[in-house]
Amino acid sequence: MSQPQRIHHFINGEFTASPDARYFDKRSPVDGSVIAHIAEGGKADIDDAVKAARSALKGEWGKLSTDQRVDLLYGVANEITRRFDDFVAAEMADTGQPSHVQKHVFIPRGAANFKVFADVIKNVAAESFRMATPDGKGALNYAIRNPKGVIGVISPWNAPFLLMTWKVGPALACGNTVVVKPSEETPLTATLLGEVMNTVGIPKGVYNVVNGFGPESAGAYLTQHPGVDAITFTGETRTGTAIMKAAAEGMRDVSFELGGKNAGIVFADCNFDAAVDGIFRSAFLNTGQVCLGTERVYVERPIFERFVRALKAKVEAVRYGRPENSANNYGPLISQEHRDKVLSYYKKAVAEGATLVTGGGVPDMPAELAGGSWVQPTIWTGLPETAAVVREEIFGPCCHIRPFDSEDEVIELANDNEYGLATTIWTENLSRAHRVAERVEVGVTWVNSWFLRDLRTPFGGSKQSGIGREGGVHSLEFYTETRNVCIKL
Ligand code: NAD
Ligand code: 6OD
């Protein structure tokens, strides 16, 4: 992007901002330059967006049959695919993450999030029960699903398009309307999706976007608005706590996908190279800014030293640089602010007595990238489980590796954390994989893989990693109100 563009809200099918709107700068994580000026939404913008969303429910959108809605959503998926390069460019500009990650992981999932939930709503069967009655004629019960209404969608910056559409796709498939508050760090793909909605002919007011920050800004106003019927949120656990308090007013339902401090468990009988590759991806993809990522690695003692050496070699081979250059496979953190947080943990690890295997600081970058938020991928060993970097979510490109001696010990170590989002287990012993998977207290377990996603499966976190499950019919549970009809025959 040469000249910083102005990014407006998308309300009732129009790109708009109030005449007295304040704008804040969006900086490139790659070099620190200003790439866009973003309108900050206030109460009036949220009010307009919620009104538009509510009136769309009563208009043309609310009258469509499921098949008609499904066809429109297939249209959205196709249009995202047609404008694939625009979405890749926008997401790269916002996040600084390499083109191959956008092209092969994040942007295709945006299209899939519309297509898959269109398929789910089209194919889901209704529950029905015949019951006996004293007159012998009986009665028939069946369940119907109605949209919940206006859904508030609040999304984070780490995989902006994937995570936002993961909510918008099923919400629209179920017949709701949405008001989205994307992260202040990454507004571009949510904005582009507004263009797609208009091209495809999604009725005005069905998809709305209001930009801004969280507390005392668009995020908080959205969660407090009485016209919002339910809130779906992905982000930090402490933000979830604030949103839950707001949602308590009016008894609004919430679905939360929150933080994680995920364990990777590597048994000595694993396929060694596959395990090293898998842990490398799970700890360092997206510069470690993946909620499902591995920040605690437990390796069975006989292969511990060899594993640490092999992971170190992979980490030291990452190629830093501009995301457009397909030779680069490692990007910056999202912002200077986030870099400060990650670097403070790098310092803390050393202060707590870690052995630094590799990294631990800021890489030397060429002058034109020196303003970017670059950090070295980092590995530590030798810390007790009480250390802050072993207990707290850092959300950066780093992991601590510790040896273990038995299945029971490693399960205890993995479970000894307030989060419970995901685990990845590496073993060639399938019985062991089943045993461990049953005992780890997380929402998602991968065996000999990581982030392999079938969107029909339940997805979400245990303990402080979330409330509720989304994915397949589980998303329908949240985005619809299920009602029973009982007919006396
Ligand atoms: P964040 O909680 O700081 O912000 C997320 C969104 O919430 C942003 O749009 C922000 O503006 C908004 N927000 C902040 N305070 C708010 C408030 N008081 N009221 C309403 N909205 C508010 O999270 P982040 O830093 O953008 O994302 C990183 C976090 O997200 C990490 O903790 C990560 O683990 C988590 N995450 C979880 C999942 C999952 O599926 N479980 C997926 C991705 C990210
Ligand atoms: O794959 C998904 O559906 C999903 N919600 C992924 C979350 C990634 C977190 O960074």
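Note that ligands are numbered from 1 as they come in the structure, with each ligand's atoms numbered from 1 the same way.
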Open item on the list: Check this for me - ligand 1, N158, N or O atoms closer than 3.5 angstrom, yes or no?
Closed with: no
Open item on the list: Show the atoms of ligand 1 that are less than 4.0 angstrom away from any heavy atom in E257.
Closed with: 37 (C), 38 (C), 39 (C), 40 (O), 41 (N)
TODO: Supply the atom-to-atom distance S33 OG to L369 CG, rounded to the nearest 0.5 angstrom.
DONE: 10.0 Å
Open item on the list: With respect to T223, determine whether any N or O atom, backbone or side chain, lies less than 3.5 Å from an N or O atom of ligand 1.
Closed with: no
- [ ] Test the R109-F161 pair against the cation-pi criterion, namely NZ or CZ under 6.0 angstrom from the six-membered ring centroid and within 45° of the ring axis.
- [x] no
Open item on the list: Geometry only, no angles: is I154 polar-contacting ligand 1 at N/O separations under 3.5 Å?
Closed with: no
TODO: Check each heavy atom of L163 against ligand 1 and say whether those closer than 4.0 Å belong to the side chain, the backbone, both or neither.
DONE: side chain
Open item on the list: Applying a heavy-atom cut-off of 4.0 Å, say which part of L421 lies close to ligand 1: side chain, backbone, both or neither.
Closed with: side chain
Open item on the list: Please tell me whether Y221 and E216 have a donor and an acceptor in their side chains that are separated by less than 3.5 angstrom.
Closed with: no
Open item on the list: Any heavy atom of F233 closer to ligand 1 than 4.0 angstrom?
Closed with: yes
Open item on the list: Show the atoms of ligand 2 that are less than 4.0 angstrom away from any heavy atom in R109.
Closed with: 1 (O), 2 (C), 3 (O)
TODO: Would you kindly check if the NZ (Lys) or CZ (Arg) of R453 is within the cone defined by 45 degrees around the ring axis of W166 and under 6.0 Å from the six-membered ring centre?
DONE: yes
- [ ] Report the part of A246 (side chain from C-beta onward, or backbone N, CA, C, O) that has a heavy atom under 4.0 Å from ligand 1; answer both or neither where that applies.
- [x] neither
Open item on the list: Just to be sure I read this right, does ligand 1 sit under 4.0 Å from the backbone of E393, its side chain, both, or neither, counting only heavy atoms?
Closed with: side chain
TODO: Select the closest option to atom 8 (C) of ligand 1 among A159, S465, G240, S155, judged by heavy-atom distance.
DONE: S155
TODO: Identify the two heavy atoms, one from P377 and one from Y320, that lie closest to each other, and give their separation to 0.1 Å.
DONE: CD-OH, 3.2 Å
Open item on the list: Is there a polar contact between ligand 2 and N158, counting only N or O atoms under 3.5 Å apart?
Closed with: yes
TODO: Report yes if E184 has an N/O atom closer than 3.5 Å to an N/O atom of ligand 1; otherwise report no.
DONE: yes
Open item on the list: With respect to T237, determine whether any N or O atom, backbone or side chain, lies less than 3.5 Å from an N or O atom of ligand 1.
Closed with: no
TODO: Test the K103-F84 pair against the cation-pi criterion, namely NZ or CZ under 6.0 angstrom from the six-membered ring centroid and within 45° of the ring axis.
DONE: no
- [ ] Under 4.0 Å, heavy atoms only, figure out whether ligand 2 is touched by the backbone of T234, its side chain, both or neither.
- [x] neither
Task: Distance-only N or O hit between ligand 2 and C291, under 3.5 Å - done: yes
Open item on the list: Between E91 and T189, do the side chains contain a donor N or O and an acceptor N or O under 3.5 Å apart?
Closed with: yes
